Q: 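Okay, here's the structure, questions in a sec.
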Amino acid sequence: MATVAKPAAPVLPAEYDRTFWSPITSWLTTTDHKLIAQMYMFTGFMSFIVAGIFALLMRVQLSVPNNTFIGDHEIYNQLMSAHGTTMIFFFTIPMMTGVMNYFVPLMVGARDIAFPRVNALGYWLIPVSIFIYYAGFFIPNNFASGDPSLANAGWTGYPPLSDLKYNGSVGIDLWCVSITILGLSSIMAAVNFLTTILALRAPGMKLTRLPLFVWASISTSILLLIATPSLAAGLILLLIDREFHTNFFTTAGRPVLFQHLFWFYSHPAVYIMILPGFGVISEVIPVFSRKAIFGYESMVLALFGIVFLSLGVWAHHMFTVGLNIYVETLFMALTMAIAVPTGVKFFNWMGTAWDGAIEFKTPMKFAFGFLATFLIGGITGIYLAAVPVDTQLHQSYYVVAHLHYVLFGGSVFTIFAGLYYWLPKVTGRILNERLGNWNFWTLFVGFNGTFLVMHTLGLDGMPRRIATYARQDWAATNFVITVSAFLIAASVLIFVINVLYSRKRGELAGPDPWDGNSLEWSVSSPPPPYNFERIPEVHSREPWKDMKLAARTAPPATPAPAPAH
Amino acid sequence: MRFSLRHVILAAWIALPAALAAAQPVFAAGGTSWIFPNPVSPNGERIYQLYQWITIPAVIVFLGVEIGLLYIIFRFRRRGPDHVGKPVHGNVPLEIAWFMAPTLIVALIATLSFLELQQDFQKPTDAETQMNITVTGTQFTWFYDYPDNGGLRARDTMVVPTDTFVRLTFESTDVIHSWWVPAISGKTDAVPGYQNFSWLKISSSKLSDCGGGSGDHTQTGCKWHGECAELCGVGHFGMQIDVEAMPQSDFQAWVAKQQAASRQPSPKASPSPKGP
Ligand code: HEM
Ligand SMILES: [Cu+2]
Ligand SMILES: [Cu+2]
């Protein structure tokens, strides 16, 4: 910051004005990765709000025993399925893809993503997929009259419950089509990221100098490429079963085969949703600790360790279906082994902050919130991996608690960290710190209030996916959970207010508000459409820091390559 | 150092396990607990013990890391615009150490789990089995068939004699269900197309206080409760499970009564036979 005087007015390059504020058509036709990324993020965030509202409705229903707030249990099942599907496929994955889309090209010093049109197509498949899924809402249900026809078999949609014989709802067909299309979109994005990173790096940006967020994008993309086809296969076969009365997964076929195909994708999907978040944390902690990342090489190795192991653990979701115990042991051992690379990353993050000069700006708060909570998800994961213990915990509220510690603590906290860190680059204005502080603390308290006590319900025997319960002794805990869930909602509201407020009145960010190290901070905020006026040359892992140091020690004869405007 | 709400929350965060342990009686009275209900079958007991063993490293890791995080939060604050972090990029011995530590811990946990898996999760042999019950899941009820007791079929409540090794065979007639009574043991899925197995053996000594309160007294014994754990349709939440254990003599009386009832259907029940 010392070297770059803050501009007097937001730097909105003239070329941008046209695309930014002119009619919708420019959004519809753009192939600029930064605009596409914003559409990804917006779509993802809207899905988060919708699925969050579903969660609140479910929590109201579960707040007291024998509740009739959602008296029609078919509706509860539809809301529950829509919540899970929307949070995973329409919120987390597009949101992470959006953040990668915006920052991968900037961080490797590229002018755009490798295949801009494929990128645009990849994005536009997502609204199509969402539309297909939610079309069920407008189709009357021929099985339960008066109800809509959204999918009702959970986000996992296991047959035979999702077979035609037991489920006439067209929502299941729509779910198969919708998620297959979403998978296609993911594959397009993965190909694009890999090509961009391998082919379009700035001169001097060796692989060993890539920012860890970019390494995280590489590993995520590899997982997407390997795992997504399996999901598509499962969904298409299920659809064929339903439409053409084949017997892949029906009671005459092999229902459990679907679980294998589904989890071969959906366990890696957990890492698809978390590895980009790991990448964000690996950027945020060094910057706000004023210190280099600790153990860069072991961080990269750990990412690939996770990629490798996560492809071999899918059956840990199937420990009660009756697998051979030696097969179960193998999956248990591989699952527990993931704790090792994850632990290495964890300790390296702590090592980075250790002896640092830490400033707890909002992104850093969320980063530490992530560390504090994700740890619990990791520990409960070990209990779940231990097969005998898992037979108790599986499909109970313990698992619901665990999965939210992993996906909420892992993805939502890192997404907030990333948004507070990088939205200034996107909008040109810093998000308000006071509101950010409120946003963080309400989320931290609300999140733990909701999901920490949830473990106890599972231990005591409350199964997941039940529309109501009769046990009076579960009432108090469930009530606490519901109240805390509304605190989460308040927190998200604060975030929305913060974004809207800061967009107009926030402090100007300038190119480099956090005194960052990587290339995205070397260009204006928002960056010009072509990203870099001159492609920068890279000499270390912290290219922008180098340029700042060079400019400070020896005032350059030629103007520094950045800021471009 | 100024104290604010933030400090309170952070301190509460670390004190959490202690507070939860201390509040355990309160929680228990409220029906929630940090461990399963008291187990009444040996397989459930061994799962309970495994859970406790895992909890030791779990709590140590939790406290170690969270205290480390708090230490970092309070100790390494930036002191001024010129203050930067130590120029450290890594430390290979340290990195190897925190590669090895989790490896050893999980290897230990995996070994213990494997031993328990071998002991309790294989199909019980005919030799050790003293009685068979076939559990059939059907949208949205459980049926219990007693092949060793004249093909008796019970519904909703499974009745077992104490001190008897009962082999459970799981089947489904439609979608996947999952039979789970936490005080007895883990859950087993009832999947259409093939059979799964589990077992239970409830000692008569458990009847005096119903396994330390995990069950409820009935006229002749105790009853433990569970629910279907696999989403099986609109009626999923209603697929409740009860297991009643009673001394062998009472069990024989129960069997006789059931058989008599099925031979002479009561006039009330017969005109409208309830389908499955
Ligand atoms: C806004 C705060 C949230 C609340 C209050 C909430 C609440 C819940 C509840 C109560 C369930 C269990 C429903 C049941 O089993 O009957 C559930 C399931 C689930 N949630 Fe959330 N959730 C929240 C956020 C999230 C987020 C951020 C994600 C993912 C990124 C997520 C992913 C899921 C998934 C995958 C399921 C499983 C759905 C299924 O059983 O098929 N949730 N949530
Ligand atoms: Cu998994
Ligand atoms: Cu069920």
Side-chain angles (χ1 to χ4, degrees), chain A residues 73-74 154 158 160-161 166 251 255-256 289-292 294-295 298 320-322 325 328-329 332-333 336 339-340 343-344 347 350 353-359 368 371-372 375 379 382-383 386-389 391-392 394-396 445 456-457 459-461 463 465-468 473-474 476-477, chain B residues 9 30-37 47 50-51 54 58 61-62 65-66 68-69 72-73 76-78 83-86 88-90 95 98-99 102-103 106 109-110 113-114 116-118 121-122 174-176 178 182 186-189 191-193 196 226-227 229-234 236-237:
Chain A
H73 301 133
E74 169 67 19
Y158 285 177
L161 184 59
Y166 301 103
T251 43
V256 171
S289 308
R290 314 266 114 241
K291 202 160 158 281
F294 190 97
S298 59
T320 60
V321 302
I325 65 160
E328 290 182 336
T329 304
M332 165 171 73
M336 288 188 182
V340 175
V344 166
F347 291 125
M350 291 173 77
W354 197 272
D355 271 338
I358 302 178
E359 266 181 297
F368 268 69
L371 293 177
L375 174 69
I379 291 175
I382 296 288
Y383 285 94
V387 185
V389 177
T391 62
Q392 282 280 16
H394 185 60
Q395 301 295 36
S396 75
V445 174
T456 70
L457 289 174
L459 288 163
D460 205 43
R465 297 170 170 170
I466 51 173
T468 186
D473 50 0
W474 290 341
T477 313
Chain B
I9 299 177
T32 50
S33 143
W34 293 91
I35 197 159
F36 319 114
I47 294 177
L50 181 62
Y51 180 93
I54 298 177
V61 169
F62 175 80
V65 174
E66 299 288 357
L69 287 174
I72 291 171
I73 289 173
F76 301 116
R77 289 304 181 90
R78 191 171 201 188
H83 178 204
V84 296
K86 260 202 190 154
V88 185
H89 291 264
E95 287 164 48
W98 58 52
F99 176 82
T103 309
V106 297
I109 295 174
S113 308
F114 175 58
E116 164 58 9
L117 205 53
Q118 269 188 318
F121 285 84
Q122 268 156 322
D174 40 46
V175 302
I176 304 176
S178 192
K187 55 186 75 60
T188 313
D189 289 2
V191 185
N196 276 329
E227 297 187 30
E230 180 66 50
L231 177 65
C232 52
V234 270
H236 168 52
F237 80 98

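Here the structure is a predicted model, which means the values were calculated and not measured. Sequence lines set the chain letters: A, B, ... in the order given, protein chains first and strands last, and positions in each chain run from 1. Worth knowing before you read on, the calculation uses all heavy atoms, side chains too, and leaves out hydrogens, waters and symmetry mates.
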Q: Could you tell me which portion of A/L161 (side chain, backbone, both or neither) has an atom closer than 4.5 angstrom to a non-hydrogen atom of chain B?
A: both
Q: Less than 4.5 Å to any heavy atom of chain B: does that hold for the side chain of A/M332, its backbone, both, or neither?
A: side chain
Q: Looking at B/F76, B/F121, B/F237, which has the largest count of heavy-atom pairs under 4.5 Å with chain A?
A: B/F76
Q: Starting at CZ of A/R465, measure out to NE2 of B/H236 and round the result to the nearest 0.5 Å.
A: 8.0 Å
Q: Side chain to side chain contact (heavy atoms under 4.5 Å, CB included) between A/Y166 and B/D174: does it pass, once the steps are laid out?
A: CA-CA 8 Å; A/Y166 301 103; B/D174 40 46; 3.3 Å; yes
Q: In Å, rounded to the nearest 0.5 Å, how long is the span from CD1 of A/I382 to CD1 of B/I109?
A: 5.5 Å
Q: Which is it for A/F294 and B/E95 under the side chain to side chain contact (heavy atoms under 4.5 Å, CB included) test, yes or no, and what are the steps along the way?
A: CA-CA 9 Å; A/F294 190 97; B/E95 287 164 48; 3.7 Å; yes
Q: Examine whether an atom of A/Y158 lies under 4.5 Å from a heavy atom of chain B, and if so say whether it belongs to the side chain, the backbone or both; otherwise answer neither.
A: side chain
Q: Is it the case that the side chain of A/Q392 and the backbone of B/P182 share a donor-acceptor pair, with hydrogens and angles ignored and the cut-off at 3.5 Å?
A: yes
Q: How long is the span from the CG atom in A/D355 to the CD1 atom in B/I72, to the nearest 0.5 Å?
A: 9.5 Å
Q: Determine the option with the most heavy-atom pairs under 4.5 angstrom with chain A, choosing from B/S113, B/S178, B/P102.
A: B/S113
Q: Is there a side-chain contact between A/L459 and B/Y51, using heavy atoms and a 4.5 Å cut-off?
A: yes
Q: Which atoms of B/N196 are under 4.5 Å from chain A, going by heavy atoms: the side chain, the backbone, both sets, or neither?
A: side chain
Q: For the candidates B/T103, B/I176, B/V65, which exhibits the highest count of non-hydrogen atom pairs separated by less than 4.5 Å from chain A?
A: B/V65
Q: Measure across B/G85 and A/K291 and return the closest heavy-atom pair with its distance rounded to 0.1 Å.
A: CA-CD, 4.0 Å
Q: Under 4.5 Å from any heavy atom of chain B, what part of A/T468 do you find: side chain, backbone, both or neither?
A: both
Q: Could you check which of B/V234, B/V61, B/L117 has the highest count of heavy-atom pairs closer than 4.5 Å to chain A?
A: B/L117
Q: Hey, is the main chain of A/T320 close enough, under 3.5 Å, to the side chain of B/K187 for a donor-acceptor pair?
A: no
Q: How about B/V191 and A/V256: do any of their side-chain heavy atoms sit closer than 4.5 Å?
A: yes
Q: Out of curiosity, B/E227 CD to A/Q395 CD, how far, rounded to the nearest 0.5 Å?
A: 13.5 Å
Q: Which region of A/L375, side chain (C-beta onward) or backbone (N, CA, C, O), has a non-hydrogen atom less than 4.5 Å from a non-hydrogen atom of chain B, or is it both or neither?
A: side chain
Q: To the nearest 0.5 angstrom, please state how far the CZ atom of B/R78 sits from the CD1 atom of A/I358.
A: 11.5 Å
Q: Quick one: do A/R290 and B/H83 satisfy side chain to side chain contact (heavy atoms under 4.5 Å, CB included)? Show the steps, please.
A: CA-CA 8 Å; A/R290 314 266 114 241; B/H83 178 204; over 6 Å; no
Q: I'd like to verify something: which residue of A/V321, A/I379, A/V344 has the highest number of heavy-atom pairs under 4.5 Å with chain B?
A: A/V321
